[in-house]
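First the structure, in the form of structure tokens, and then the observations on it.
Chain naming here is simple, since letters A, B, ... match the order of the sequence lines and numbering starts at 1 in each.
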Amino acid sequence: MYHYNNIILGERPMGMAGAYTAVADTPAGLYYNPAGIVYAHSPNLSASVNAFQLTSTIYENALGDNDWERQSSDLLPNFFGVSQPLGNLSLGFSYAVPDSVREDQIQSFTFAPGSAHEHIDYYTINIDHSNVINKIGPSVALSVNDQLSVGFTFYVHMRNSKTIQNHVVSVQHPELSNTSEIELTNDYQRIEEYGFEPVLGIMWSPLNSVSFGASIRQTTVINSNTIRQLTCQGTERGKQDIINQLQEYLDNDLITQEQFNQEIEWHEQYNCSFGFDGMQHTRPRESNERHQYPITTRLGAAWFPNDRLMLSGDLVLYDDVNSTWNAAVGGEYYLSPQWAVRGGWYTNNANSPNEIDYDGIAFSLVRFTRNSSVSAGFNFAFGEGKAQLYRGSEETVSTTSYSTTIFLGTSYSY
Amino acid sequence: MRIPFLLVMVLALTVLMVPVIATANDVSPREFRTRMSHTYVTVSDMVSDVEAEIDFGKEVAARILGTYPPLHDDELNRYVNLVGRSLALHSNRSELEFRFMVLDTPTLNAYAAPGGYVFITAGALEMMEDEAELAAVLAHEIAHVNEKHIVKELNIRGVEETSISGISRFLGGASDPARVAFAQAIDRAVEIMFQRGYLVEDEYEADYIGTLLLAQTGYDPAALKRYLQRVDESASTDAAETLNRTHPETQERLDRMAAQLNEYGLQGLPYPTMKQRFQQHVDTKGF
């Protein structure tokens, strides 16, 4: 995972850019900081959010002069939670989707004469990729005294990921004019992962109008199953032909040595027929290697100066091999007892120097009635810089990415 | 990515600013966390609330009648209803239709279900000496309904049918949990009536308002005090024991009522007690 803050969960946090650790007094708090639920206003409350998210990442000049655009769009119910106070105790149950990617795209490239890829008639990439993480589980929170509460959420963790990539490359045969050969690659990968994620939270209000919150969590994978099947249709050119062709370009100064090396690396990574003649089938390969998730610490502070205004800030630290952090600040302002606006700024930093960092803003408008509230809003994140074209590559290309989320959320008390 | 120095400085400044924007904690976090929308929920009063209160009261009344059967004496029930409704005319709950019924039990008590369903036991009637005392007990129960003591404690509210709430339910807001909560609240209301009793402050408030209601209707405002005194003197009986278990200390109640009567100048005034009429309808029945 390159980014840990792709989706902001919960009706109220979504409008406040996720700055919710020191607020956490609605069912969404079960995810951010379960200790906050003891301060829930209503005896019983439920909430859900449905969001439409569109993400587009453009890798500039990824294939010759061609940009490569990857798009993900998904309509997902990303949070549902209920809470029930029982004296000093509060119980809750929540379902959360902290990450979801859904790519389904087709893209074809052509290459201009004289370019490094002029021997390719066309290159088509079809991708069907989904990666969804689901969390579901109970929570309990205890009011230790008026200023202090602690909470615990136990999530069952489920991750399902599936990727089908088809590459079709039409390559001109140098020896036989006006003829082309087709290289085919079909790559299927499925990951099923089960585990658990305990979340421990604390909420402290030592001063009037101010709350501090903290929570710590880590997902532990107890069972993981990865199946991958790679099927290729190579060309008669074979590895040596490709190298010969590239060498010819290099000798004629059509490409530089650096471009030559990049081309070899590209074929090694993307062209599974590179080095094989004829059809190459691989039997499905299985792996039970377990993904390591970081220890995530959320620290938050919130200020409630009056019943109209609330300001909140979060710092989230991810402690793993590639540590990173995220920050968020958000606010809520009541225009009247029936209307409120929420807004905030957040980061979605990469855990790798070879990926881009995002900055995002969020806004929502909320309408309250006696039993319920409905909010509608948007979230826009933008990132620009150098990024890897594919995982493990040393090469980075100029990349622009944006993510737009339109969401509709509600809470209902009874 | 390392945490930038600027961010660390902002966080440090935020922590340093805390003492400036806040003072020592003498306000509960629950209070300062209250948002404007919560206030709206508290003060607004809707037709659906009244409907919910009545529906809830019917369920609670059914549970009361499941515990103690009604006394099948139409004449007596009619009389109790006439007295009760004359009091209810002076209540501030004109949206409710108060109903009164005698329960066939020697237990000494009276019950008020939300929505205006008031019950008095045959045992309590037997302990009374005049109509003013009957009115006093009914006024005390009407006061519980007036002030929505159970409704507030159990947070009984109507389900709104606005377009916004409709969207909420469509998007996943719960409706089944609401029904479960409703059933649980009925259990708690019955527990309040038969076992735990009302909150002490609510009982004192019902005494206070009931006494004023008596005076407004034209009955002897000291009737409740007289009746309670008599009950207190017979506290050794099982029936009285039940009353004491679900109500505050009788002497404290009597002291508060005496102070109230003095404060309003109601002590010793010649208000009617309607003893003769009461005896015609009640005293001769011999339960």
Side-chain angles (χ1 to χ4, degrees), chain A residues 23 25 39 41-44 46-50 77 80 82 84 146-147 149 203 205-211 299 301 303-308 310 313 315 317 323-325 327 332 334 336-338 340 349-351 353 357 366-374 408-414, chain B residues 1-4 7-8 10-11 14-15 17-19 21-46 48-49 154-155 157-175 177-182 184-185:
Chain A
V23 184
D25 52 12
Y39 300 113
H41 173 74
S42 299
N44 212 322
S46 72
S48 72
V49 172
N50 291 272
F80 177 82
V82 292
Q84 173 71 56
D146 212 23
Q147 279 81 46
S149 66
M203 190 75 84
S205 307
L207 301 162
N208 273 349
S209 311
V210 175
S211 275
L299 306 168
W303 182 37
F304 304 79
N306 51 53
D307 66 354
R308 279 184 182 271
M310 186 266 287
L315 176 65
L317 307 170
S323 297
T324 188
W325 60 274
E332 179 181 67
Y334 283 80
S336 72
Q338 293 87 32
N349 291 329
N351 68 351
D357 298 327
V366 195
R367 169 83 164 102
F368 293 93
T369 64
R370 264 176 39 105
N371 292 107
S372 60
S373 69
V374 168
L408 198 59
T410 182
S411 63
Y412 195 84
S413 60
Y414 43 87
Chain B
M1 172 172 284
R2 298 182 64 82
I3 300 174
L7 186 63
V8 173
V10 168
L11 285 170
T14 304
V15 171
M17 281 293 289
V18 163
I21 61 176
T23 55
N25 194 345
D26 56 6
V27 179
S28 154
R30 289 181 197 282
E31 282 182 53
F32 68 66
R33 281 171 175 270
T34 300
R35 303 290 86 201
M36 196 176 251
S37 61
H38 299 153
T39 312
Y40 170 58
V41 168
T42 307
V43 300
S44 61
D45 200 1
M46 298 172 60
S48 62
D49 279 351
L154 301 182
N155 195 29
R157 288 187 296 162
V159 177
E160 57 188 340
E161 296 298 337
T162 63
S163 56
I164 294 292
S165 64
I167 292 169
S168 296
R169 284 197 293 276
F170 177 75
L171 288 173
S175 55
R179 282 195 285 273
V180 173
F182 190 78
Q184 288 173 342

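- Closest non-hydrogen pair, Ser28(B) versus Asp146(A), comes out as CB-OD2, 3.4 Å.
- For Met310(A), the parts sitting under 4.5 Å from any heavy atom of chain B are the backbone and the side chain alike.
- Every ring pair (Phe, Tyr, Trp, His ring centres under 6.0 Å) that Phe304(A) has, sequence neighbours left out, goes to Phe32(B).
- The line from CZ of Arg33(B) to CE of Met203(A) is 4.5 Å long, rounded to the nearest 0.5 Å.
- Between the CZ atom of Arg35(B) and the CG atom of Asn306(A) there is a distance of 7.0 Å, given to the nearest 0.5 Å.
- Taking each heavy atom of Asp307(A) and Thr34(B) in turn, the nearest pair found is CB-O, 3.4 Å.
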